[in-house]
Amino acid sequence: SLSKIIEERDVLAAALEKLPIVERVYPSEANWLLVKVDDAQALFDALLEKNIHVRNQSNIAGIEGTLRVTIGTKEQNRVLLNAIQSFIKN
């Protein structure tokens, strides 16, 4: 439902903002977040290896270094955050 997406978006945005590789989470009214990170390509590749699909937006003028992350279920978002934390540790 829409209210669950909004709730999960807010929770995910807050969690992402706390991660050291995240430079910015752009405000969103959509079912996705645009996230600026230190090394978008490396994170994109690491997530893809874990079968987590995000969109690398780095080649788009004005939003270089960003990934577009679709809001998932609570479980999907937890898997995403765990994968990012694993990437940070390595």
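Transitive grouping of hydrophobic side chains (ILVMFWY, heavy atoms separated by less than 4.5 Å) brings I88 and L48 into a common cluster. Following chains of ILVMFWY side-chain contacts shorter than 4.5 Å, one cannot reach I63 starting from V69, and the two form parts of different hydrophobic clusters. The cluster map of Ile, Leu, Val, Met, Phe, Trp and Tyr, joined by side-chain heavy atoms under 4.5 Å apart, puts V11 and I71 in different clusters.
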Let me have the donor-acceptor pairs involving side chains of residues 24-37, under 3.5 Å, with sequence neighbours excluded, atom names and distances please.
residue	atom	partner	partner atom	Å
S28	OG	A30	N	3.0
S28	OG	W32	O	2.6
K36	NZ	E64	O	3.0

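Taken to the nearest 0.5 Å, the CG atom of N82 stands 5.5 Å off from the CZ atom of R78. Annotation: the span from D45 atom CG to K50 atom NZ amounts to 13.5 Å, rounded to 0.5 Å. Taking CD of E8 as the start and CD1 of I5 as the end, the distance is 10.0 Å to the nearest 0.5 Å.
Annotation for N56 and A40: closest pair OD1-CB, 4.1 Å, computed over non-hydrogen atoms.
Put simply, the residue from T70, L47, T66 that forms a side-chain contact (heavy atoms from CB on, under 4.5 Å) with V54 is L47.
Counting heavy atoms from C-beta outward, L67 and Q57 have side chains that stay 4.5 Å or more apart. Side chains of I21 and F87 form a contact here, defined as non-hydrogen atoms less than 4.5 Å apart.
No salt bridge links E7 with K4; every basic N to acidic carboxylate O contact stays at or beyond 4.0 Å.
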Fill in: I84 vs L16, side-chain contact (heavy atoms from CB on, under 4.5 Å): CA-CA, chis, key distance, verdict
CA-CA 9 Å; I84 295 172; L16 288 168; 3.8 Å; yes
